[in-house]
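Residue indices begin at 1 and follow the sequence shown.
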Amino acid sequence: MADDIKGQLESEVELKATAEQFFSFWKGQIHQAPNHTPSNIQAVHVHEGDWETSGSIWIFHYTIEGKPGIFKERVEVDEDNKIVKFIGLEGDVFKIYKVYNGIWHIKPKSQGCSAKLILEYEKLNPSVPAPHIYMDFMIRITKEIDEGVVKA
(Lines give C-alpha, C1' and ligand atoms only; values in the text may rest on other atoms or scores of the structure.)
Protein backbone atom coordinates (compact mmCIF):
# COMPACT_ATOMS: atom_id res chain seq x y z
CA MET A 1 0.00 0.00 0.00
CA ALA A 2 2.81 2.45 0.83
CA ASP A 3 4.20 2.00 -2.69
CA ASP A 4 0.93 3.38 -4.07
CA ILE A 5 1.29 6.51 -1.96
CA LYS A 6 4.99 7.49 -2.16
CA GLY A 7 7.00 7.89 -5.31
CA GLN A 8 9.12 10.02 -7.54
CA LEU A 9 9.04 11.08 -11.14
CA GLU A 10 12.21 11.77 -13.12
CA SER A 11 13.04 13.42 -16.40
CA GLU A 12 16.22 14.58 -18.13
CA VAL A 13 16.26 17.88 -20.04
CA GLU A 14 19.06 18.95 -22.39
CA LEU A 15 19.89 22.66 -22.00
CA LYS A 16 21.80 25.24 -24.03
CA ALA A 17 23.12 27.18 -21.03
CA THR A 18 26.32 26.08 -19.35
CA ALA A 19 25.97 24.24 -16.05
CA GLU A 20 27.35 27.29 -14.24
CA GLN A 21 24.91 29.71 -15.95
CA PHE A 22 21.88 27.55 -15.22
CA PHE A 23 22.90 26.67 -11.65
CA SER A 24 23.66 30.34 -10.90
CA PHE A 25 20.14 31.25 -11.98
CA TRP A 26 18.57 28.76 -9.54
CA LYS A 27 20.78 29.72 -6.63
CA GLY A 28 20.66 33.49 -6.91
CA GLN A 29 18.48 34.85 -9.70
CA ILE A 30 15.24 32.89 -9.23
CA HIS A 31 13.38 36.17 -8.65
CA GLN A 32 13.77 36.69 -12.43
CA ALA A 33 11.78 33.51 -13.23
CA PRO A 34 8.60 35.47 -14.12
CA ASN A 35 10.63 37.30 -16.81
CA HIS A 36 11.60 33.99 -18.45
CA THR A 37 8.42 31.95 -17.97
CA PRO A 38 5.57 34.43 -17.31
CA SER A 39 2.75 32.09 -18.30
CA ASN A 40 3.93 29.58 -15.67
CA ILE A 41 5.42 31.70 -12.85
CA GLN A 42 3.93 35.11 -12.12
CA ALA A 43 5.94 36.05 -9.00
CA VAL A 44 8.57 34.80 -6.56
CA HIS A 45 9.03 36.41 -3.14
CA VAL A 46 11.47 35.88 -0.30
CA HIS A 47 9.55 34.86 2.81
CA GLU A 48 12.59 34.21 4.98
CA GLY A 49 16.30 34.60 4.27
CA ASP A 50 17.38 35.89 0.84
CA TRP A 51 17.80 34.92 -2.82
CA GLU A 52 21.15 33.17 -2.37
CA THR A 53 21.31 31.37 0.97
CA SER A 54 20.52 27.68 1.27
CA GLY A 55 17.68 27.32 3.77
CA SER A 56 15.88 30.46 2.61
CA ILE A 57 12.12 30.23 2.16
CA TRP A 58 10.51 31.48 -1.06
CA ILE A 59 6.90 31.78 -2.18
CA PHE A 60 6.01 31.13 -5.83
CA HIS A 61 2.82 32.32 -7.53
CA TYR A 62 2.24 30.07 -10.53
CA THR A 63 -0.36 28.93 -13.03
CA ILE A 64 -0.78 25.28 -13.97
CA GLU A 65 -3.47 24.04 -16.35
CA GLY A 66 -5.06 27.50 -16.23
CA LYS A 67 -5.38 27.50 -12.42
CA PRO A 68 -3.40 29.90 -10.20
CA GLY A 69 -1.53 28.43 -7.27
CA ILE A 70 0.88 29.28 -4.49
CA PHE A 71 3.85 27.20 -3.37
CA LYS A 72 5.95 27.97 -0.29
CA GLU A 73 9.25 26.14 -0.20
CA ARG A 74 12.65 26.00 1.46
CA VAL A 75 15.56 25.93 -0.95
CA GLU A 76 18.56 23.68 -0.33
CA VAL A 77 21.63 24.20 -2.51
CA ASP A 78 24.45 21.68 -2.95
CA GLU A 79 27.20 23.74 -4.60
CA ASP A 80 29.62 20.84 -5.15
CA ASN A 81 27.13 18.62 -6.99
CA LYS A 82 25.09 21.46 -8.58
CA ILE A 83 21.82 20.37 -7.01
CA VAL A 84 18.96 22.68 -6.08
CA LYS A 85 16.15 21.16 -4.05
CA PHE A 86 12.83 22.84 -3.26
CA ILE A 87 11.33 21.32 -0.10
CA GLY A 88 7.60 22.00 -0.19
CA LEU A 89 6.22 23.57 3.00
CA GLU A 90 2.77 24.93 2.14
CA GLY A 91 0.58 25.62 -0.85
CA ASP A 92 -2.04 24.32 -3.21
CA VAL A 93 -0.23 21.02 -3.97
CA PHE A 94 -0.71 20.04 -0.34
CA LYS A 95 -4.45 19.68 -0.90
CA ILE A 96 -3.61 16.29 -2.44
CA TYR A 97 0.04 15.59 -1.53
CA LYS A 98 1.61 15.18 1.91
CA VAL A 99 5.16 15.54 0.49
CA TYR A 100 6.15 17.53 -2.59
CA ASN A 101 9.82 18.27 -3.36
CA GLY A 102 11.31 19.40 -6.67
CA ILE A 103 14.97 18.74 -7.45
CA TRP A 104 17.19 20.06 -10.26
CA HIS A 105 20.53 18.27 -10.66
CA ILE A 106 22.61 20.19 -13.19
CA LYS A 107 25.27 18.19 -15.05
CA PRO A 108 27.91 19.85 -17.25
CA LYS A 109 28.38 18.62 -20.81
CA SER A 110 30.88 19.54 -23.53
CA GLN A 111 28.23 21.90 -24.92
CA GLY A 112 25.54 23.20 -22.60
CA CYS A 113 24.37 20.98 -19.76
CA SER A 114 21.58 18.67 -18.75
CA ALA A 115 19.17 18.94 -15.86
CA LYS A 116 17.90 15.83 -14.15
CA LEU A 117 14.51 16.76 -12.73
CA ILE A 118 13.18 14.75 -9.82
CA LEU A 119 9.80 15.20 -8.21
CA GLU A 120 9.45 13.43 -4.86
CA TYR A 121 5.92 13.06 -3.61
CA GLU A 122 3.65 11.36 -1.14
CA LYS A 123 -0.08 11.28 -1.87
CA LEU A 124 -2.66 11.96 0.83
CA ASN A 125 -4.48 8.82 -0.33
CA PRO A 126 -4.12 6.14 -3.04
CA SER A 127 -6.79 7.66 -5.30
CA VAL A 128 -4.69 10.81 -5.88
CA PRO A 129 -2.93 10.74 -9.27
CA ALA A 130 0.84 10.79 -9.56
CA PRO A 131 1.91 14.43 -10.12
CA HIS A 132 2.59 14.15 -13.87
CA ILE A 133 1.11 17.63 -14.51
CA TYR A 134 3.65 19.04 -12.05
CA MET A 135 6.53 17.19 -13.74
CA ASP A 136 5.37 18.63 -17.07
CA PHE A 137 5.35 22.05 -15.38
CA MET A 138 8.95 21.54 -14.14
CA ILE A 139 10.06 20.57 -17.65
CA ARG A 140 8.33 23.61 -19.19
CA ILE A 141 9.80 26.14 -16.76
CA THR A 142 13.25 24.53 -17.04
CA LYS A 143 13.24 24.88 -20.84
CA GLU A 144 11.90 28.44 -20.78
CA ILE A 145 14.36 29.55 -18.10
CA ASP A 146 17.18 27.98 -20.14
CA GLU A 147 16.11 30.06 -23.17
CA GLY A 148 16.10 33.21 -21.02
CA VAL A 149 19.46 32.47 -19.40
CA VAL A 150 21.11 31.87 -22.80
CA LYS A 151 19.75 35.19 -24.17
CA ALA A 152 20.86 37.19 -21.10
Between [X] and [Y], does any side-chain donor sit less than 3.5 Å from a side-chain acceptor?
| X | Y | answer |
| --- | --- | --- |
| S56 | W51 | no |
| T63 | Q42 | yes |
| S114 | E12 | yes |

Where is the tightest heavy-atom contact between [X] and [Y], given as atom of each residue plus distance?
| X | Y | answer |
| --- | --- | --- |
| I5 | P126 | CD1-CD, 3.9 Å |
| A115 | L15 | CB-CD1, 3.8 Å |
| A19 | K107 | CB-C, 4.3 Å |
| H36 | F25 | CD2-CE1, 3.4 Å |
| P108 | C113 | CA-CB, 4.2 Å |

For the backbone of [Y] and the side chain of [X], can you confirm whether one donor and one acceptor N or O come within less than 3.5 Å of each other?
| X | Y | answer |
| --- | --- | --- |
| Q21 | T18 | yes |
| W58 | D50 | yes |
| H61 | F71 | no |
| T37 | A33 | no |
| N125 | S127 | yes |

Going by chain and number, the hydrophobic cluster around L89 (ILVMFWY, side chain to side chain under 4.5 Å) further includes I57

Side-chain heavy atoms of [X] within contact of [Y], under 4.5 Å:
| X | Y | answer |
| --- | --- | --- |
| V93 | P131 | no |
| N101 | Y121 | no |
| F22 | I145 | yes |
| H47 | K72 | yes |
| K16 | Q111 | no |
| I103 | V84 | no |
| I70 | I59 | yes |
| E10 | K116 | yes |

What distance separates [X] [atom1] from [Y] [atom2], expressed to the nearest 0.5 Å?
| X | Y | atom1 | atom2 | value |
| --- | --- | --- | --- | --- |
| M138 | L9 | CE | CG | 9.5 Å |
| H105 | L117 | NE2 | CG | 11.5 Å |
| Y134 | I139 | OH | CD1 | 15.0 Å |
| I64 | D136 | CD1 | CG | 8.0 Å |
| S24 | I30 | OG | CD1 | 12.0 Å |
| N40 | I141 | CG | CD1 | 7.0 Å |

Kindly assign one of parallel, tilted or perpendicular to the pair F86 and F60, based on the angle between their ring planes and the thresholds 30° and 60°.
tilted

Looking at [X] and [Y], does any basic side-chain N land under 4.0 Å from a carboxylate oxygen?
| X | Y | result |
| --- | --- | --- |
| K143 | D146 | no |
| E52 | K27 | no |
| K6 | E120 | no |
| E76 | K85 | no |

Verify same cluster id: [X], [Y] (apolar side-chain graph, 4.5 Å):
| X | Y | result |
| --- | --- | --- |
| I133 | V99 | no |
| L119 | F94 | yes |
| V150 | W26 | no |
| V128 | Y100 | yes |

Side chain to side chain contact (heavy atoms under 4.5 Å, CB included) between V77 and I83: does it pass, once the steps are laid out?
CA-CA 6 Å; V77 178; I83 297 172; over 6 Å; no

Quick one: is the NZ or CZ of K82 closer than 6.0 Å to the six-membered ring centre of F23, and within 45° of its axis?
yes

Applying side chain to side chain contact (heavy atoms under 4.5 Å, CB included) to I106 and W104, what does each step give before you reach the verdict?
CA-CA 6 Å; I106 313 307; W104 282 260; 4.1 Å; yes

Could you please spell out the steps behind the side chain to side chain contact (heavy atoms under 4.5 Å, CB included) verdict for K98 and L124?
CA-CA 5 Å; K98 182 177 177 182; L124 287 178; 3.8 Å; yes

